[in-house]
Amino acid sequence: MDTLLFSNVFIACCAVAQGGMTYLVLSLPVDYTVLAILGCATLALYNFSMILARPRHPQSSPFRRVRWVFGHERSLWVWTGVALVVAFVLGLQLHIPSFILLGVMGVMGVAYNLPIVRVAGEERRAGLRQITGLKLFYIGLVWVMSSVLLPVAEAYHDDLAIVWPHVWQLMAWVFLFVVAITIPFDIRDIYQDRYYRLKTIPVLFGERKALVLSTALLAVQMGWVWLSDHPLDIRLALVAASGLCLFFILVPPVKKDEYYYFLVLDGMLIVQFLTVWLAQWV
């Protein structure tokens, strides 16, 4: 289980699932090349970000994930390189605008942790995550661009019919959902983020208000989905997935350890896809 979660293979599967959900919700034919690119690019970027954020003494970290990652650092570099090469080679099959979009997402993913921003009052630099309030918006935007915009862009340049109002809606829904499940991660990391002076929502406003915000975002997303003009099966599936996610955030049925965050909460991205996929067979 540790290998699946901490090597970022699982989150790569989540990215593939979200791309698959885009095709289902928008009634577009599945482009398996795009899905493979999403999986490989996500694996490479998440691994690279973890390695780049290496603490001074990783083996003494209180986080099981950190100890595992830097205990297998050489293997992760290899798999990151392989995933990056595969994503690039497959990316050459995309239309030029889609390939450019893929490149932009790659740059954004790297810049998130790359030390390019000077930290106020200190003689060091940090990634874009250091900018006050940017983290949640940034993560949500990258997920929207990858799981919705890239599949749609490629479908558009394949001359497939695109219902743009549905695209904008789905982008907003994915953004709200991703941000909502990211906030509990920030609540978990609140003391560490305070130490590193990261201005996350929980650090700025406190744990309780952050949890209220996560709940409110899911509630807004569920209401928006239900009031949309999508078929009933799609609306029921998406609302059910968000409702389950809301339950796991407010009433976690398991201990809030790293498996809860990286398996249960991240796994909601796969659950979303599965509910939409199953709804079409019921």
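Here, residue 1 is the first one in the sequence, and each next residue gets the next number.
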In terms of hydrophobic clusters joined by side-chain contacts under 4.5 Å, are [X] and [Y] together?
X: I183; Y: L250; answer: yes
X: V152; Y: V30; answer: yes
X: W168; Y: L217; answer: yes
X: I162; Y: L101; answer: yes
X: L84; Y: F48; answer: no

Evaluate side chain to side chain contact (heavy atoms under 4.5 Å, CB included) for S242 paired with L246, printing each intermediate quantity in order. CA-CA 6 Å; S242 295; L246 187 60; over 6 Å; no
Yes or no on side chain to side chain contact (heavy atoms under 4.5 Å, CB included) for H230 and L238, after CA distance, side-chain angles and deciding distance? CA-CA 11 Å; H230 280 275; L238 290 174; over 6 Å; no
Would you say [X] and [Y] make side-chain contact, with heavy atoms under 4.5 Å?
X: V167; Y: L26; value: yes
X: T80; Y: L43; value: no
X: V148; Y: Q18; value: no
X: P151; Y: D31; value: no

With a 6.0 Å cut-off (strictly less than), is the heavy-atom count around [atom1] of [X], excluding the residue itself, greater than 12?
X: W224; atom1: CH2; result: yes
X: F88; atom1: CZ; result: no
X: L232; atom1: CG; result: yes

Identify the two heavy atoms, one from [X] and one from [Y], that lie closest to each other, and give their separation to 0.1 Å.
X: M105; Y: V142; answer: SD-O, 4.4 Å
X: L90; Y: T33; answer: O-CG2, 4.0 Å
X: N47; Y: S7; answer: OD1-O, 3.0 Å
X: Y138; Y: M108; answer: OH-O, 2.6 Å
X: G19; Y: L35; answer: C-CD2, 3.7 Å
X: M222; Y: V239; answer: O-CG2, 3.7 Å

Going through the distances and angles, do M21 and V16 end up as a side chain to side chain contact (heavy atoms under 4.5 Å, CB included)? CA-CA 9 Å; M21 186 184 73; V16 173; over 6 Å; no
Judged by atom type as modelled, is there a donor-acceptor pair below 3.5 Å linking the side chain of [X] to the main-chain atoms of [Y]?
X: Y260; Y: F248; answer: yes
X: H95; Y: H157; answer: yes
X: S146; Y: W143; answer: yes
X: S228; Y: V225; answer: yes
X: S98; Y: L94; answer: no

Any chance you could lay out the ring-ring contact (aromatic ring centres under 6.0 Å, His included) test for W277 and Y23, step after step, and finish with the verdict? CA-CA 10 Å; W277 181 73; Y23 289 116; over 10 Å; no
With I234, which of L24, V276, T275 fulfils side-chain contact (heavy atoms from CB on, under 4.5 Å)? V276
Derivation of the ring-ring contact (aromatic ring centres under 6.0 Å, His included) call for W173 and H166: CA-CA 10 Å; W173 297 344; H166 286 177; 8.2 Å; no
Stepwise, does the side chain to side chain contact (heavy atoms under 4.5 Å, CB included) test hold for M171 with M145? CA-CA 8 Å; M171 290 173 66; M145 292 173 67; over 6 Å; no
